[in-house]
Amino acid sequence: MDSEDLVQRAGRIAGWAARTGYSLGRRLPGADSAERSLRTLEQKALGELRRRLEGAGDPYLATLNQAPSTGRNLTNGQVKGRAVTVVTPDEPLRVAMAELLNRSTGLDRDRSRDYLYAVILRQLTPDEARILAALADGSPFPLVDVAERTGLGGAGRVVLRNASTVGKAAGVTLLDHVPAYVTRLVGLGLADIDEEAPALSTQYEILLTDDTVRAAEQLVKRPRFVRRTVRISPLGVSFWQACAPK
């Protein structure tokens with residue numbers, strides 16, 4: 001099996017797992033073996049993906065590894081065969097910025113988009129990729145913040161942000177890290193937080209029984225639950241269309 005088939009096969013399996021709630025299948029005979037095979041395949045695919053991305057070149061790593069240690073400044077130097085305006089071997093961060101600025105002059109719209117998506121992709125964990133796959137159809141998922149209720153009934157100190165059922169639906173490995181995953185996806189611009197959805201009332205009640213939410217509830221005397229929703233963002237839609245396994 002070549003690397004292209006490996007990545008595509010892992011993507012198809014991961015997408016199937018997110019859509020069908022693979023975690024429920026762990027109760028079936030032989031599920032443990034199937035899950036180990038899936039994890040092994042995912043690890044191989046991620047390794048291949050990492051190799052491809054590293055091959056494209058990282059401006060900071062390229063300058064850090066390639067800059068000569070002459071201890072002097074050079075002008076009109078080169079990094080990986082590309083001309084840079086200023087190369088300062090002892091200051092790799094400045095060299096990396098020069099490399100980015102020089103790259104920007106040779107990128108059209110499509111290549112700039114691919115570069116952005118590659119940078120985002122490098123930052124995602126496998127669990128976050130699963131969550132994005134679960135959000136990909138545009139459906140909202142319930143989201144809850146746990147805060148301390150103030151004397152006026154409002155929300156004071158927040159002890160837990162962005163707890164959601166989307167992690168369980170996606171079959172993530174680290175369920176207690178779902179709030180952090182959602183926060184990171186929002187920070188990357190791939191997901192948006194919206195108002196409460198009354199139609200999801202039953203799912204909100206289920207979310208309030210989550211172990212992570214229960215643990216946060218114990219941290220305050222008078223907990224207040226702020227209900228909202230999380231859904232894929234416009235950038236997330238474009239990113240998923242460009243990167244989703246076929």
Side-chain angles (χ1 to χ4, degrees), residues 1-26 31-32 34-56 58 112-143 161-194 203 207 210 212 229-246:
M1 179 183 300
D2 60 26
S3 61
E4 187 71 28
D5 290 340
L6 178 65
V7 173
Q8 291 184 359
R9 182 182 171 196
R12 287 194 295 269
I13 295 176
W16 165 82
R19 291 192 297 272
T20 60
Y22 178 75
S23 58
L24 297 178
R26 295 173 183 170
D32 288 342
E35 183 177 7
R36 285 194 298 271
S37 298
L38 174 61
R39 297 299 182 193
T40 299
L41 186 60
E42 284 181 337
Q43 290 171 1
K44 290 181 179 179
L46 286 170
E48 171 60 21
L49 179 60
R50 185 178 298 110
R51 185 190 65 78
R52 292 185 188 181
L53 291 174
E54 288 175 349
D58 181 291
S112 294
R113 184 203 65 173
D114 291 345
Y115 195 101
L116 169 63
Y117 290 174
V119 170
I120 293 175
L121 192 60
R122 292 187 74 163
Q123 297 179 69
L124 292 179
T125 68
D127 274 350
E128 289 165 351
R130 283 176 171 266
I131 291 176
L132 191 62
L135 294 172
D137 66 357
S139 300
F141 282 83
L143 183 147
R161 295 185 186 275
N162 300 335
S164 178
T165 59
V166 68
K168 186 170 293 186
V172 304
T173 303
L174 302 178
L175 284 172
D176 56 330
H177 284 55
V178 170
Y181 290 150
V182 172
T183 300
R184 278 173 42 82
L185 289 172
V186 171
L188 289 170
L190 301 178
D192 284 335
I193 295 177
D194 208 341
Q203 293 190 46
L207 179 55
D210 181 85
T212 304
T229 56
V230 60
R231 66 174 71 233
I232 195 168
S233 69
L235 173 61
V237 171
S238 299
F239 175 81
W240 182 254
Q241 289 174 346
C243 302
K246 295 180 180 181

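Only this structure's heavy atoms are used, side chains among them; waters, hydrogens and symmetry mates stay out. The structure presented is a predicted model; accordingly, all values stated were derived computationally and were not measured.
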Nearest 0.5 Å please: distance from the [atom1] atom of [X] over to the [atom2] atom of [Y].
| X | Y | atom1 | atom2 | value |
| --- | --- | --- | --- | --- |
| Gln241 | Tyr117 | CD | OH | 8.0 Å |
| Ser164 | Ile131 | OG | CD1 | 7.5 Å |
| Thr173 | Asp127 | OG1 | CG | 4.5 Å |
| Leu185 | Leu124 | CG | CG | 6.5 Å |

For [X], give me all partners under side-chain hydrogen bond (donor to acceptor under 3.5 Å, both in side chains), at least two apart in sequence or on another chain.
| X | value |
| --- | --- |
| Arg184 | Glu128 |
| Thr183 | Asn162 |
| Ser112 | none |

Among residues at least two apart in sequence or on other chains, which ones pass side-chain contact (heavy atoms from CB on, under 4.5 Å) with [X]?
| X | answer |
| --- | --- |
| Ala129 | none |
| Ser233 | Asp192, Leu235 |
| Asp210 | Leu207, Thr212, Val213 |
| Asp114 | none |

**Prompt:** Considering residues at least two apart in sequence or located in another chain, which fulfil the salt bridge (Lys or Arg N to Asp or Glu O under 4.0 Å) criterion with Arg161?
**Reply:**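 Applying salt bridge (Lys or Arg N to Asp or Glu O under 4.0 Å) to Arg161 gives none.
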
**Prompt:** Between Phe239 and Leu188, does a side-chain contact (heavy atoms from CB on, under 4.5 Å) hold up when you go through it step by step?
**Reply:** CA-CA 11 Å; Phe239 175 81; Leu188 289 170; over 6 Å; no

**Asked** Leu143 and side-chain contact (heavy atoms from CB on, under 4.5 Å): which partner among Val186, Thr229, Val182?
**Response** Val182

Residue pair [X] / [Y]: nearest heavy atoms and the distance that separates them:
| X | Y | result |
| --- | --- | --- |
| Pro140 | Arg231 | CB-NH2, 3.5 Å |
| Gly167 | Leu175 | C-CD2, 3.9 Å |
| Trp240 | Pro245 | CH2-CD, 4.4 Å |

**Asked** Listed by chain and number, what are the ring pair (Phe, Tyr, Trp, His ring centres under 6.0 Å) partners of Tyr181, not counting sequence neighbours?
**Response** none

**Asked** Would a 4.5 Å heavy-atom cut-off, applied to side chains only, mark Leu190 and Ile232 as touching?
**Response** no

**Request:** Using only heavy-atom distances, determine whether the side chains of Asp137 and Ser139 contain a donor-acceptor pair under 3.5 Å.
**Result:**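 There is such a pair (donor and acceptor under 3.5 Å, judged by atom type) between the side chains of Asp137 and Ser139.
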
